[in-house]
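This report concerns only the one structure given below.
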Amino acid sequence: MGQPVNVGVVGCGAISAQYFQTIERLPRLRLAAVADLDLDRAREAVRPYAGVDVLGVAELLADPRIDVVLNLTIPAAHAEIALRAIDAGKDVYCEKPLAAARTDAERVLLAADAAGVRVGCAPDTVLGTGTQTARKAIDDGLIGRPVAATATMMTPGHERWHPNPDFYYVPGGGPLLDMGPYYITSLVTLLGPVATVVGAASRPRAKRTIGSGPRQGEEIPVTVDTHVTGVLVHASGALSTLVMSFDGVATKSPHIEVHGESGSLVVPNPNHFDGDVLLSAAGDADWRPLPESAGYLGAGRGVGLADFAATPAGTEPRAGGALAFHVLDIMESLLASAHSGAGVPITSTCERPLPVPLQDA
């Protein structure tokens, strides 16, 4: 297998622990160094892992040992850190979304192309057995030609549990930019790229109240739409109906359903790697679970980085920049449609990512 890929992580917030755990158990990756604006937080984050250097951001980006920069900063900083990593000649793999704005994401991809380095991006949950088993069922014709899908995410809002939820309610946040990447990446994986969107959105509350931590009771302003719904018209002709909300209490709707001419699938939570895929074919009396038949078994956050690192040169990674840009383009276009009241054509596209055969992570 050769030498493991040396990973340098910028950003040691809450999500970093999940990445570190995955990197630690995958022989293809090695956690070499971390950086954070708060060096004490960085030291505490890697305390369980031996031999990991804690560096300043500039020092990490300049370190010749680092093969790929894992960018776990807040969305507003994604583009800046990615561009600095690219300028240093590093491949970069970013937490979702690729950038807080489509124009910044485009700058990242253009810079990477000019520098001859690669860009990857979360979510990698779609590489697990849940979405991949559903994709294989579609590809194997178990539901016939796909004609429609629904995707629903409903929660009262992250300020209930997050001690510093401000970034969820500024540009780059909101339910669509926060959770939409999981659902839309899954829909593109299942049904292919999107050609047009039609959207509607609302912002019922101007402020939110922090529900936990040292700032409990503090009100924060809301400057983004907190309920977004729309229709994605896939290039294949299939229609996906999307609901992303921080304004509902609960829902019993499946996270994702896909409907074909001869059957329907329930697809598990795209924020998870696994889960039951249910099939109801024409004539069936009830839903039946499908056995795991594709995807990475036992996957965790960071498996997409390993997949990215193992992808041969000249091949677009499954969790690649083109897919991440297309998903961001869809989300921004959906918001533009919501505010204009008109459908918006999607100017970007991407190849449907390669399937993942059933294998250990």
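If you read the sequence from its start, that first residue is 1, and numbering goes on from there. In this text, all values refer to a predicted model and were calculated from it rather than measured experimentally. Computed from heavy atoms alone, side chains included, the values below leave out hydrogens, waters and symmetry copies.
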Where the side chain of [X] meets the backbone of [Y], is there a donor-acceptor pair that is under 3.5 Å apart?
| X | Y | value |
| --- | --- | --- |
| T251 | S253 | yes |
| S280 | S264 | no |
| S212 | W161 | yes |
| T152 | H255 | no |
| R318 | L354 | yes |
| Q132 | V356 | yes |
| T196 | V344 | no |
| S340 | A336 | yes |
| D274 | T129 | no |
| D124 | V303 | yes |

Any carboxylate oxygen within less than 4.0 angstrom of a Lys/Arg side-chain nitrogen, looking at [X] and [Y]?
| X | Y | result |
| --- | --- | --- |
| D36 | R43 | no |
| D104 | R107 | yes |
| D247 | R208 | yes |
| R41 | E44 | no |
| E106 | R102 | no |
| R65 | D53 | yes |
| R215 | D166 | yes |

In the structure I gave you, are the side-chain heavy atoms of [X] and [Y] within less than 4.5 Å of one another anywhere?
| X | Y | answer |
| --- | --- | --- |
| I86 | D91 | no |
| D329 | T347 | yes |
| P181 | P123 | yes |
| T189 | T185 | yes |
| L335 | D225 | yes |
| V9 | L31 | yes |
| V5 | R30 | no |
| T73 | H78 | yes |

Around [X], counting heavy atoms of other residues, nucleotides and ligands shown, do more than 12 lie under 6.0 Å from its [atom1]?
| X | atom1 | value |
| --- | --- | --- |
| K136 | NZ | no |
| E351 | CD | no |
| L37 | CG | no |

In the single-linkage hydrophobic clustering (I, L, V, M, F, W, Y; side-chain heavy atoms under 4.5 Å), do [X] and [Y] co-cluster?
| X | Y | value |
| --- | --- | --- |
| I210 | F167 | yes |
| L190 | L232 | yes |
| V194 | V126 | no |
| I346 | L187 | yes |
| L323 | M179 | yes |

Could you measure the distance from the [atom1] atom of [X] to the [atom2] atom of [Y]? Nearest 0.5 Å is fine.
| X | Y | atom1 | atom2 | result |
| --- | --- | --- | --- | --- |
| L290 | L265 | CG | CG | 6.5 Å |
| R47 | Y49 | CZ | OH | 10.5 Å |
| Y183 | T150 | OH | OG1 | 11.0 Å |
| L70 | I23 | CG | CD1 | 5.5 Å |
| L142 | L279 | CG | CG | 6.0 Å |
| L305 | Y19 | CG | OH | 8.0 Å |

Distance-minimising heavy-atom pair for [X] and [Y]:
| X | Y | value |
| --- | --- | --- |
| L334 | G230 | CD1-CA, 3.9 Å |
| V267 | A134 | CG2-CB, 3.8 Å |
| G248 | S245 | N-OG, 3.6 Å |
| A100 | A76 | CB-CA, 4.2 Å |

Any luck finding a side-chain donor-acceptor pair between [X] and [Y] under 3.5 Å?
| X | Y | answer |
| --- | --- | --- |
| R160 | T155 | yes |
| S348 | H326 | yes |
| H259 | E257 | yes |
| N269 | Y182 | no |

Walk me through it: do K90 and D63 pass the test salt bridge (Lys or Arg N to Asp or Glu O under 4.0 Å)?
CA-CA 10 Å; K90 313 290 190 188; D63 192 328; 6.0 Å; no
Out of Y169, Y168, F246, which one pairs with H162 under the ring pair (Phe, Tyr, Trp, His ring centres under 6.0 Å) rule?
Y168
